[in-house]
Amino acid sequence: MLNNFKNILIGVLSAVIVIAIGASAYTAFASNATAPISTPDASVVVSNGYGNGNGDGTGTDLTTIPVSDLNAEETAALLYMREEEKLARDVYNALFTVWGQPTFSNIASSEQQHMDQIKLLLDRYGLADPALDPGKFTDPTLQALYDQLVAQGSVSLADALKVGAAIEEIDILDLQTRLALTDNADLQLVFNNLMKGSYSHLNAFAGVLTQQTGEVYQPQYLTAEAYQAIVTGAMGNGNQGGNGSQGANGKGNSGGNGQGGQSAQGQAGSGVPQANIAGTVNVHGVINSYDGMGINITADDGQALYVDTGNMRYSQSLGFAPQIGEGVTVLMFMSDQGTNSAISVTMDATGMTYTFRSETGQPLWAGGNGKGNGRGNTP
């Protein structure tokens, strides 16, 4: 069913990439050749989160990086990525309207943050913002792509989730291409941030597809090996301390080529910022929905809350599968990103407690503060 979708995506992106960055870069993309999957997302704070999890916690803020000159390729990359992130946001919002699946609205909010990061760079270099109203695009090829994606995703929920996953795969490949064409540290920082976001989003769409339909997602653009590295966490989950996030200089710990098993460049750890748990609270409520990444609950005081439970694969490994209508007590805090993050969730009916983060707020799927557990593909 997605053959037409794939052909249209390849055709549309062909024109854009050939114009913006040259035919040679597009040839690698259109042939589904997976470039080295480089460093992943978070905020505009970054550290050297290595693939073996030994992040050093030396945070680098975007504003501390000197402004560099932009060449034509870098300018085109920023303008295109601003609208590409907007396309993802707008498609997900449209599909949420059609299906009411919370995953779309949650990830759309994340895409807005990605748009904001690119906007910081546009402002930094005095570039006019190409973003228009929702569903409208300056780039006519992206306009056609948006219309096609929404139509494709409106066929069924399964198709919608596959559309979401395909967008994230293409985003990963596109970011890899553009990272290879810039030596500007600030662009590299933001593009790497967006990369980790796409890893997480791809995981989420694939997991919800299986949860909702029983179908196991098959990658449409990434190689099977690259996709597997993302969903199993083999990219590395280094978790540094301080206010640092993941690093632009990640290095896989081992593997056949000694570089994380996927590329000569090695793989970066997906570090997570140090948590501020001063406002930790216990909230009791009833579950309204679960999207694999978090739960929507109605608290006893009537307040509607979305609580992030983090990595979907980790939650599945715990056997965490809450049902609508179940009563829960959530120990949570407000993260630095402004989201409610669960330390633990205790089920009323069974008394079972599922723990997602340590008492200091560090995610258990990513290892301790400054010592993540991520590994390259070891033999």
Do [X] and [Y] share a hydrophobic cluster, counting only Ile, Leu, Val, Met, Phe, Trp and Tyr and linking them when any side-chain heavy atoms are less than 4.5 Å apart?
{"X": "Val150", "Y": "Leu161", "result": "yes"}
{"X": "Met115", "Y": "Phe104", "result": "no"}
{"X": "Val281", "Y": "Val345", "result": "yes"}
{"X": "Ile324", "Y": "Leu305", "result": "no"}
{"X": "Leu127", "Y": "Leu142", "result": "yes"}

Side-chain donor/acceptor of [X] to backbone N/O of [Y], under 3.5 Å:
{"X": "Asp291", "Y": "Gly294", "answer": "yes"}
{"X": "Glu84", "Y": "Asp174", "answer": "no"}
{"X": "Glu83", "Y": "Asp139", "answer": "yes"}
{"X": "Asp301", "Y": "Gln303", "answer": "yes"}
{"X": "Ser358", "Y": "Gln362", "answer": "yes"}
{"X": "Ser110", "Y": "Asn106", "answer": "no"}
{"X": "Tyr125", "Y": "Ser68", "answer": "yes"}

If you look at every heavy atom in [X] and [Y], which pair is closest and at what distance?
{"X": "Ile287", "Y": "Pro322", "result": "CD1-CB, 3.2 Å"}
{"X": "Ser154", "Y": "Trp99", "result": "O-CZ2, 3.4 Å"}
{"X": "Tyr227", "Y": "Ala206", "result": "OH-CB, 3.3 Å"}
{"X": "Gly197", "Y": "His114", "result": "CA-CE1, 3.8 Å"}
{"X": "Ala166", "Y": "Tyr221", "result": "CB-CE1, 4.0 Å"}
{"X": "Ser289", "Y": "Pro102", "result": "OG-CG, 3.6 Å"}

Check whether any side-chain heavy atom of [X] sits under 4.5 Å from a side-chain heavy atom of [Y], and report yes or no.
{"X": "Leu187", "Y": "Leu70", "value": "yes"}
{"X": "Tyr199", "Y": "Glu168", "value": "no"}
{"X": "Ser315", "Y": "Phe356", "value": "yes"}
{"X": "Val330", "Y": "Ile295", "value": "yes"}
{"X": "Leu122", "Y": "Leu79", "value": "yes"}

Is it the case that the side chains of [Y] and [X] hold a donor-acceptor pair, with the cut-off being a distance below 3.5 Å and no angle test?
{"X": "Gln101", "Y": "Thr103", "value": "yes"}
{"X": "Asn203", "Y": "Ser200", "value": "no"}
{"X": "Asp308", "Y": "Asn340", "value": "no"}
{"X": "Gln188", "Y": "Asn192", "value": "no"}

Kindly write out the residues that satisfy salt bridge (charged side-chain N to carboxylate O under 4.0 Å, His left out) with [X], not counting sequence neighbours, or none if the list is empty.
{"X": "Asp171", "answer": "none"}
{"X": "Asp147", "answer": "none"}
{"X": "Asp69", "answer": "none"}

Rounded to the nearest 0.5 Å, what's the gap from [atom1] on [X] to [atom2] on [Y]? Could you check?
{"X": "Leu78", "Y": "Arg124", "atom1": "CG", "atom2": "CZ", "result": "11.0 Å"}
{"X": "Leu132", "Y": "Gln143", "atom1": "CG", "atom2": "CD", "result": "8.5 Å"}
{"X": "Thr309", "Y": "Ile343", "atom1": "OG1", "atom2": "CD1", "result": "13.5 Å"}
{"X": "Glu85", "Y": "Ser198", "atom1": "CD", "atom2": "OG", "result": "6.0 Å"}
{"X": "Ile230", "Y": "Glu225", "atom1": "CD1", "atom2": "CD", "result": "12.0 Å"}
{"X": "Ile172", "Y": "Ile167", "atom1": "CD1", "atom2": "CD1", "result": "12.5 Å"}

Intermediate values then yes/no, side chain to side chain donor-acceptor pair (under 3.5 Å), Thr329 and Asn282: CA-CA 7 Å; Thr329 298; Asn282 268 304; over 6 Å; no
Applying ring-ring contact (aromatic ring centres under 6.0 Å, His included), which residue pairs with at least one partner in [range] are found, sequence neighbours left out?
{"range": "residues 129-184", "result": "Phe137-Tyr146"}
{"range": "residues 157-189", "result": "none"}
{"range": "residues 284-306", "result": "Tyr290-Phe320"}

Chi angles and distances behind the side chain to side chain contact (heavy atoms under 4.5 Å, CB included) call for Leu121, Arg82: CA-CA 10 Å; Leu121 291 175; Arg82 170 71 168 167; over 6 Å; no
Audit row: Glu111, His201, side chain to side chain contact (heavy atoms under 4.5 Å, CB included) steps and yes/no: CA-CA 10 Å; Glu111 298 295 351; His201 300 166; 3.1 Å; yes
Salt bridge Glu74-Arg178, side-chain N to carboxylate O under 4.0 Å: no
Residues Lys86 and Asp133 bridged, charged N to O under 4.0 Å: no
Positive for side chain to side chain donor-acceptor pair (under 3.5 Å) with Lys162, one of Gln220, Gln218, Glu215: Glu215
Check: Phe205 ring centroid to Tyr92 ring centroid under 6.0 Å: yes
Working for side chain to side chain contact (heavy atoms under 4.5 Å, CB included), residues Leu149 and Leu87: CA-CA 10 Å; Leu149 292 174; Leu87 179 141; 3.5 Å; yes
Verdict with supporting geometry, Val91 and Val163, side chain to side chain contact (heavy atoms under 4.5 Å, CB included): CA-CA 9 Å; Val91 169; Val163 162; 4.2 Å; yes
